[in-house]
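These notes concern the structure reproduced below.
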Amino acid sequence: SALAVALFAINFILREPESIADAWIAKGSFEIYFGWVTAATLVNFAIMLKFLNALNSVTTETILAVLLILIAAGLAIVIRLRLRDYFYPLAIAWALTAIAVKQSGQTAVVVACALGVVACLIASASFVMSLNSSESRATSL
């Protein structure tokens, strides 16, 4: 989707904010929006395949759902590491939680969502590790 590409470009440009206000207000807002658009794009892809009758069995639907969930979680980790986006994985975790609630009867989907949420939360919380290195750099100056 063009919106996802545009948000990726914005997040790429904002990967090194000039101030804490830029990091929390501008960068954080775009990270959350980018995460939601990514999740929505993947869900829309699944809906399109269902509409086109490309998914002809429950097993195929479940496999695709699990695959897309793992792709979303993987993207969250990659974007977190490459662009230093801490809110992007939170948005993906939020979307995966909503999917798990909606698909509560599908055990494989719920388990994939749970694994994805845990991975996203760990990736997002990893900013704590960078606080220590930023602090040590500031004290050494």
Side-chain angles (χ1 to χ4, degrees), residues 1-140:
S1 133
L3 179 58
V5 172
L7 288 169
F8 175 80
I10 290 168
N11 278 282
F12 185 79
I13 292 166
L14 293 175
R15 72 184 181 278
E16 304 258 352
E18 294 179 14
S19 68
I20 291 180
D22 284 346
W24 284 96
I25 297 169
K27 188 174 190 298
S29 299
F30 281 109
E31 288 174 13
I32 292 170
Y33 190 33
F34 183 32
W36 268 110
V37 168
T38 301
T41 301
L42 293 172
V43 169
N44 287 338
F45 177 70
I47 291 169
M48 179 193 70
L49 289 177
K50 175 93 171 154
F51 177 76
L52 296 173
N53 292 322
L55 307 173
N56 50 9
S57 74
V58 174
T59 305
T60 307
E61 288 178 12
T62 303
I63 291 170
L64 178 68
V66 169
L67 182 64
L68 290 175
I69 289 164
L70 296 177
I71 288 170
L75 280 172
I77 293 167
V78 169
I79 295 293
R80 160 52 197 102
L81 294 173
R82 296 289 182 185
L83 299 182
R84 291 183 217 96
D85 287 357
Y86 300 100
F87 293 117
Y88 180 89
L90 288 178
I92 297 293
W94 186 0
L96 293 180
T97 301
I99 291 168
V101 168
K102 183 69 175 169
Q103 300 295 322
S104 60
Q106 299 287 334
T107 304
V109 173
V110 173
V111 169
C113 284
L115 292 173
V117 167
V118 169
C120 288
L121 293 178
I122 290 170
S124 186
S126 66
F127 81 93
V128 174
M129 301 299 279
S130 66
L131 290 177
N132 190 20
S133 62
S134 299
E135 203 174 273
S136 64
R137 273 188 266 132
T139 57
S140 67

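Computed from a predicted model, the values in this text were never measured in an experiment.
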Practice task
Measure across Ala46 and Leu68 and return the closest heavy-atom pair with its distance rounded to 0.1 Å.
Solution key: CB-CD1, 3.7 Å
Practice task
Verify whether one side chain among Thr38 and Thr41 offers a donor that lies under 3.5 Å from an acceptor in the other.
Solution key: no
Exercise for the section: Supply the atom-to-atom distance Ile79 CD1 to Cys120 SG, rounded to the nearest 0.5 angstrom. Expected result: 11.5 Å
Completion exercise
Between the OG1 atom in Thr60 and the CG atom in Leu49, the distance rounded to the nearest 0.5 Å is 11.0 Å
Fill in the blank from the handout: Residues at least two apart in sequence or cross-chain that pass side-chain contact (heavy atoms from CB on, under 4.5 Å) with Ala114, listed by chain then number, are none
Fill in the blank from the handout: Minimal heavy-atom distance between Val110 and Ala100, with the atoms involved, is CG2-O, 3.7 Å
Problem - Pairwise distance CG(Leu64) to CG(Leu42) - rounded to 0.5 angstrom - result: 9.5 Å
Exercise for the section: Rounded to the nearest 0.5 Å, what's the gap from CG on Leu3 to OH on Tyr33? Could you check? Expected result: 4.5 Å
Exercise for the section: Flag the pair Trp36 / Ile92 as yes when at least one side-chain heavy-atom distance between them is below 4.5 Å, and no otherwise. Expected result: no
Practice task
Would you indicate whether Trp94, at its atom CH2, is surrounded by more than 12 heavy atoms from other residues, nucleotides or ligands within a distance under 6.0 Å?
Solution key: no
Practice task
Indicate yes or no: at least one non-hydrogen side-chain atom of Tyr88 is less than 4.5 angstrom from one of Leu7.
Solution key: no
Problem - Least distance between heavy atoms, Ala93 atom then Val117 atom - result: O-CG2, 3.5 Å
Handout entry: Passing candidate, side-chain contact (heavy atoms from CB on, under 4.5 Å) with Leu96, options Ile69, Val109, Leu115
Key = Ile69
Exercise for the section: Evaluate the side-chain proximity of Tyr86 to Arg80: yes if any heavy-atom separation is below 4.5 Å, no if none is. Expected result: yes
Practice task
Quick one: pull up CZ in Arg82 and CG in Leu75 and give me the separation to the nearest 0.5 Å.
Solution key: 12.5 Å
Completion exercise
What one should report as the nearest heavy-atom pair of Ser124 and Pro89 is CB-CB, 4.1 Å
Handout entry: Any Met48 side-chain heavy atom under 4.5 Å of Phe45 side chain
Key = yes
Exercise for the section: Would you mind listing every salt bridge (charged side-chain N to carboxylate O under 4.0 Å, His left out) that reaches into residues 45-65, with sequence neighbours excluded? Expected result: Lys50-Glu61
